[in-house]
Amino acid sequence: MLTHLAVEPREELAYRVILRSPGLGPEALALACGFEPGEVDAVVERLQERSMVKLDRRQRLAATDPGVVVERLIEQRLGEIHEELREVIASRNLAEVLAEDHRQGIGNAVPTGVERVEGLEEVRERIDELTFFTHHELLSVQARGAMSAGAIEATREPDLRCLRRGVEMRTVFGAGAMDDPLTAGYLRELMAKGMQVRISDSPLERVLIFDRRTALVPIDPQDSSQGALVVHQAGMLASLLALFERFWENASRPDEERLSDNEQQVLRVMIKADKDEAGARELNISVRTYRSRVAELMRHLGATNRVQAALTARERGWI
């Protein structure tokens with residue numbers, strides 16, 4: 001019963017015998033418990049150290065009140081657990097030390113700044129390794145819209161692990177990602193946990209960038225199973241970062257609805273026109289038609305008034 005409080009079974013047995021039969025001497029206790037010769041002395045000493053029993057001048061044993069004993073044991077165990085947790089949490093610093101060893105190893109192994117990794121499994125292992133040592137930011141471009149079930153299975157746990165650690169994640173997906181149920185479900189799961197996602201209708205290039213210090217690109221953009229190049233060279237990294245930012249700026253959020261050309265015109269005029277008459281004149285339409293288009297735009301934006309519509313449009317990046 002007391003093993004979870006760091007009391008050994010033989011110590012608990014002796015304590016409970018003393019509770020039931022106060023006044024026993026060590027020899028009688030050994031006989032009652034079935035201890036081997038000499039074993040009882042170590043048990044009694046341990047019980048005394050824990051203040052569970054007292055031995056009087058006549059060598060008679062008396063048990064300490066059980067309520068006091070249990071409370072004291074709980075306090076001691078909680079203290080030990082707290083210290084263990086402190087040591088475990090402090091171990092997080094080891095990751096940075098090991099990461100530095102890893103970076104030094106990479107620097108020694110690839111003086112050119114580019115490492116070739118061949119084979120799909122080897123690439124996935126390297127991505128998992130780089131993701132594990134990513135602490136601040138992970139940028140990625142998925143050139144194809146839909147992901148296979150195997151690709152999702154391979155990337156889900158590393159992605160979730162990064163998000164749990166507070167890593168900022170931004171990902172650009174090709175068109176059609178949200179049309180594929182499997183990919184859309186995966187992206188919604190990650191977006192709910194903090195990942196930022198954008199969808200692009202333009203051609204993309206596959207790239208992964210870890211903490212702006214290491215990047216990974218496919219050897220053959222048309223066949224990712226051929227392997228990948230792991231880039232450490234500063235100039236190449238700067239170019240890949242600039243490429244990612246261009247992809248990001250030109251992409252849209254998955255839930256973003258595009259405005260028609262007419263809606264864009266109405267939105268721009270609505271924001272700057274003081275009166276409906278002025279807005280209608282600029283668009284060369286009647287005031288009645290202008291008001292109707294403004295109302296339709298507000299419904300599109302889910303706004304109850306024009307100020308809210310303007311704010312919503314600004315939040316979505318439409319103005």
Side-chain angles (χ1 to χ4, degrees), residues 1-105 124-136 138 153-167 189-190 192-194 211:
M1 292 174 61
L2 299 179
T3 53
H4 61 288
L5 296 177
V7 177
E8 294 183 3
R10 61 178 185 169
E11 295 168 359
E12 179 179 348
L13 173 60
Y15 176 67
R16 297 181 70 177
V17 168
I18 297 169
L19 281 173
R20 291 191 295 265
S21 305
L24 291 177
E27 293 182 359
L29 177 63
L31 183 62
C33 296
F35 290 156
E36 296 293 332
E39 186 179 8
V40 71
D41 293 337
V43 171
V44 170
E45 182 178 356
R46 179 64 173 160
L47 292 175
Q48 287 180 295
E49 290 175 355
R50 289 176 169 272
S51 300
M52 295 174 68
V53 300
K54 296 179 180 179
L55 189 64
D56 63 20
R57 296 178 180 178
R58 299 174 58 193
Q59 296 296 299
R60 295 290 183 259
L61 290 162
T64 306
D65 180 85
V68 175
V69 168
V70 171
E71 286 299 322
R72 185 179 294 139
L73 290 174
I74 289 174
E75 289 183 7
Q76 292 174 350
R77 187 63 184 135
L78 286 175
E80 294 169 356
I81 292 173
H82 177 76
E83 180 62 22
E84 291 173 7
L85 286 174
R86 189 189 65 79
E87 293 177 356
V88 169
I89 292 172
S91 298
R92 284 177 173 165
N93 297 329
L94 295 176
E96 187 59 34
V97 175
L98 296 174
E100 181 59 32
D101 290 342
H102 182 249
R103 287 192 291 270
Q104 291 180 9
R124 286 178 174 173
E125 289 179 4
R126 193 58 188 276
I127 291 175
D128 187 55
E129 178 185 352
L130 289 168
T131 302
F132 183 82
F133 286 105
T134 298
H135 299 290
H136 307 292
L138 176 55
E153 182 180 359
T155 59
R156 171 179 274 112
E157 184 51 38
D159 285 347
L160 291 175
R161 186 167 60 229
C162 277
L163 291 170
R164 286 194 296 267
R165 293 204 311 268
V167 174
E189 176 188 1
L190 295 183
K193 297 184 182 300
D211 275 344

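By convention here, the first residue in the shown sequence is residue 1.
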(request) Output all residues satisfying salt bridge (charged side-chain N to carboxylate O under 4.0 Å, His left out) with Glu189, sequence neighbours left out; order by chain, then residue number. (result) Arg156
(message) Show the nearest heavy-atom pair for residues Ala63 and Leu19, with the distance to one decimal.
(response) CB-CD2, 3.5 Å
(message) Tell me whether Arg16 at atom CZ has more than 12 heavy atoms from other residues, nucleotides or ligands lying less than 6.0 Å away.
(response) no
(message) To the closest 0.5 Å, what do you measure between CG (Leu47) and CD (Glu12)?
(response) 10.5 Å
(request) Give a yes or no on whether Arg164 atom CZ has more than 12 heavy-atom contacts from other residues, nucleotides or ligands under 6.0 Å away. (result) yes
(message) For the CG atom of Leu24 and the CG atom of Leu55, what is their distance to the nearest 0.5 Å?
(response) 11.5 Å
(message) Looking at every non-hydrogen atom in both residues, tell me the closest pair between Arg161 and Phe132 and how far apart they are.
(response) NE-CD1, 3.9 Å
(request) Could you grab the distance from atom CE of Met52 to atom CZ of Arg72, nearest 0.5 Å is fine? (result) 10.0 Å
(request) List the steps, then state whether side-chain contact (heavy atoms from CB on, under 4.5 Å) holds for Tyr15 with Val7. (result) CA-CA 10 Å; Tyr15 176 67; Val7 177; over 6 Å; no
(request) Taking all heavy atoms of Thr64 and all of Val53, pick out the closest pair and write down the distance. (result) OG1-N, 3.8 Å
(message) I want to check something: taking the side chain as every heavy atom from C-beta on, are Ile127 and Pro158 in contact at a cut-off of under 4.5 Å?
(response) no
(message) Please find the pair of heavy atoms, one from Ser51 and one from Val69, that lie closest to each other, and give the distance.
(response) O-CG2, 4.3 Å
(message) Enumerate the salt bridge (Lys or Arg N to Asp or Glu O under 4.0 Å) contacts for residues 30-48, please, sequence neighbours excluded, ordered by first and then second residue.
(response) Arg10-Glu39, Glu11-Arg46, Arg46-Glu49
(request) State, yes or no, whether a side-chain contact exists between Arg124 and Asp128 at a heavy-atom distance under 4.5 Å. (result) no
(message) Quick check: closest heavy atoms across Ala14 and Cys33, and the distance to 0.1 Å?
(response) CA-SG, 3.9 Å
(request) Starting at CG of Leu190, measure out to CG of Asp159 and round the result to the nearest 0.5 Å. (result) 5.5 Å
(message) Return the CG to OG distance between Leu29 and Ser21, rounded to the nearest 0.5 Å.
(response) 9.5 Å
(message) Looking at every heavy atom in both Leu138 and Cys162, which two are closest together, and how far apart are they?
(response) CD2-SG, 4.4 Å
(message) For the backbone of His136 and the side chain of Asp211, can you confirm whether one donor and one acceptor N or O come within less than 3.5 Å of each other?
(response) yes
(request) If a pair satisfies salt bridge (Lys or Arg N to Asp or Glu O under 4.0 Å) and one of its residues is in residues 73-86, list it, with sequence neighbours excluded. (result) Arg77-Glu80, Arg77-Glu84, Glu83-Arg86
(message) Can you tell me how far apart OG1 (Thr134) and CD (Glu129) are? Round to the nearest 0.5 Å.
(response) 10.5 Å
(message) Can you tell me if Glu27 has over 12 outside heavy atoms packed within less than 6.0 Å of its CD?
(response) no
